[in-house]
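Inspection log for the structure reproduced underneath, given as structure tokens.
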Amino acid sequence: GRRSLVVTAAAAAALVVGVVTAQLVGTASDTPLMGRIVAAADEATAGSVIHWVDEQTLPGEAGPSRVTEFWTDETSASTRILSRDAQGDPVLDGGPLTGPTVESPAHSGQRAVDYCSQQYIEHRDTGGASTDIEFDGIRQLRDALAAGRWVEDGTEVVDGRELIRLIRAEGESGAGDVMLVDPDSYLPIRLRGTIAHGGFGETFSQTYEYLPRTPENLALLRPPVPDGFTQVDQFTNDFHPIDCGSS
């Protein structure tokens with residue numbers, strides 16, 4: 001499905017969706033728009049740590065009921081996923097135990113931090129995998145653009161800036177989804193729509209940025225452990241609610 005995700009940090013799962021953006025120089029002006037976006041996506045994916053935030057809001061609610069934050073490094077195939085509750089407080093954080101560096105894409109182990117129980121787990125022998133994920137990321141988005149599944153739909157002004165507006169092509173799933181593209185970088189910077197499959201009418205809103213692959217930004221892939229949290233072999237929580245106060 002378009003929005004499936006599994007976090008195998010020996011902890012829990014989170015349902016999210018996603019695409020990404022970057023600040024890069026666009027390609028030649030004589031290249032068709034979709035070609036410029038595809039080329040920029042290829043370049044951005046190869047040279048950045050992707051940071052993106054997904055917010056899902058139930059019908060009738062004033063604010064998001066679920067917020068999920070991602071850091072992804074395609075060069076090393078490592079990802080960190082931080083889920084938050086409706087108040088924005090962290091619930092579950094999972095990613096590599098030992099992350100990649102600028103010099104090497106190698107990473108190993110998993111760390112999962114449970115904010116509900118104030119516990120964390122570290123697995124050192126995971127065959128190099130940090131997270132097992134299935135979700136619509138930049139490569140799926142790039143392929144959809146290249147295949148003509150998105151079409152230009154004029155412009156839209158956001159925060160005083162005129163952005164390129166794309167919508168799903170006629171007959172494609174996700175009708176009503178809107179993608180906003182930076183006219184300078186030719187990378188998507190926002191996506192919004194309604195969860196069509198397996199949802200309850202939730203709307204989603206996503207914002208995206210690309211961070212340079214510096215040591216500081218690569219370090220963001222590793223979930224931090226707050227002071228006072230206890231290391232355990234298995235979480236005492238059998239169920240990880242979106243909100244720690246839920247039952």
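These numbers come from a predicted model, not from an experiment. Quick note: residue numbers are just sequence positions, from 1.
Annotation: side chain of Val49 is not in contact with side chain of Thr72 (no heavy-atom distance under 4.5 Å). For the pair Thr57/Glu202, no side-chain contact is recorded, criterion being any heavy-atom separation below 4.5 Å from C-beta on. Between Leu218 and Pro215 the shortest side-chain heavy-atom distance does not fall below 4.5 Å. At a threshold of 4.5 Å between non-hydrogen side-chain atoms, the residues Ile189 and Val181 do not count as touching. Side-chain contact check for Leu92 versus Val113: every heavy-atom pair is 4.5 Å or farther apart. Side chains of Tyr115 and Asp93 form a contact here, defined as non-hydrogen atoms less than 4.5 Å apart. When side chains are defined from C-beta on, Ile195 counts as touching Phe204, because their heavy atoms get closer than 4.5 Å. The shortest side-chain heavy-atom distance between Ser48 and Leu211 does not fall under the 4.5 Å cut-off.
Considering only residues two or more places apart in sequence or on other chains, Glu156 meets the side chain to side chain contact (heavy atoms under 4.5 Å, CB included) condition with Val158, Arg165, Val178, Leu180, Arg192. For Asp233, there are no salt bridge (Lys or Arg N to Asp or Glu O under 4.0 Å) partners, not counting sequence neighbours. Not counting sequence neighbours, the partners of Glu69 by the side chain to side chain contact (heavy atoms under 4.5 Å, CB included) test are His51, Val53, Trp71, Leu82, Arg84. Listed by chain and residue number, nothing satisfies the side chain to side chain donor-acceptor pair (under 3.5 Å) test with Asp227 (two or more places apart in sequence, or in another chain). Legend: residues meeting salt bridge (Lys or Arg N to Asp or Glu O under 4.0 Å) with Arg222, ordered by chain and number and at least two apart, are absent. Legend: residues meeting side chain to side chain contact (heavy atoms under 4.5 Å, CB included) with Ser205, ordered by chain and number and at least two apart, are absent.
With hydrogens and angles left out, the side-chain atoms of Gln206 and Asp54 include a donor and acceptor closer than 3.5 Å. For Thr155 and Glu162, the side-chain atoms include at least one donor-acceptor pair closer than 3.5 Å.
Other residues, nucleotides and ligands contribute at most 12 non-hydrogen atoms within 6.0 Å of the CD atom of Glu170.
Rounded to the nearest 0.5 Å, atoms CE (Met34) and CZ (Arg142) are 13.5 Å apart. Put simply, CZ on Phe235 and SG on Cys116 are 10.0 Å apart, with the number rounded to the nearest 0.5 Å. Atom CD of Glu61 and atom CD of Gln56 lie 13.0 Å apart (nearest 0.5 Å). Between the OG atom in Ser185 and the CD atom in Glu43 there is a gap of 10.5 Å [rounded to 0.5 Å]. Atoms CG and CE, on Leu187 and Met179 in that order, are 10.5 Å from each other to the nearest 0.5 Å. With values rounded to the nearest 0.5 angstrom, Asp114 atom CG is found 11.5 Å from Thr230 atom OG1.
If you chain together hydrophobic residues whose side chains sit under 4.5 Å apart, Phe70 and Leu221 never meet in one group. Leu191 and Ile50 fall within a single hydrophobic cluster, where Ile, Leu, Val, Met, Phe, Trp and Tyr are joined by side-chain heavy atoms under 4.5 Å apart, directly or via other members.
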Inset, instruction - Apply side chain to side chain contact (heavy atoms under 4.5 Å, CB included) to Leu97 and Glu122, showing your working. - result: CA-CA 7 Å; Leu97 176 60; Glu122 292 184 348; 3.5 Å; yes
Legend entry - side chain to side chain contact (heavy atoms under 4.5 Å, CB included) evaluation trace for Leu145 with Leu166: CA-CA 10 Å; Leu145 288 164; Leu166 305 179; 3.9 Å; yes
Inset, instruction - Start with the C-alpha gap between Trp150 and Arg168, add the side-chain angles, then the distance that decides, and say whether side chain to side chain contact (heavy atoms under 4.5 Å, CB included) holds. - result: CA-CA 5 Å; Trp150 288 86; Arg168 297 276 184 179; 3.2 Å; yes
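Asp182 has a carboxylate O that lies under 4.0 Å from a charged side-chain N of Arg161, or vice versa, which qualifies the two as a salt bridge.
Of all the heavy atoms in Ala169 and Val151, the pair that sits closest is CB-CG1, 4.0 Å. Between Ser65 and Leu58, the closest heavy-atom pair is OG-CG, 3.7 Å. Closest approach of Pro96 and Ser78 over heavy atoms only: CG-CB, 4.3 Å. What you find for Gly201 and Pro59 is that their closest heavy atoms are O-CG, 3.5 Å. Closest non-hydrogen pair, Pro64 versus Glu55, comes out as CB-CB, 4.0 Å. In terms of heavy atoms, Arg190 sits closest to Asp159 at NH2-OD2, 3.2 Å.
The backbone N or O of Leu220 lies less than 3.5 Å from a partner atom in the side chain of Arg80, making a donor-acceptor pair. Although no hydrogens or angles enter the test, the distance criterion places a donor-acceptor pair under 3.5 Å between the side chain of Thr75 and the main chain of Ala46.
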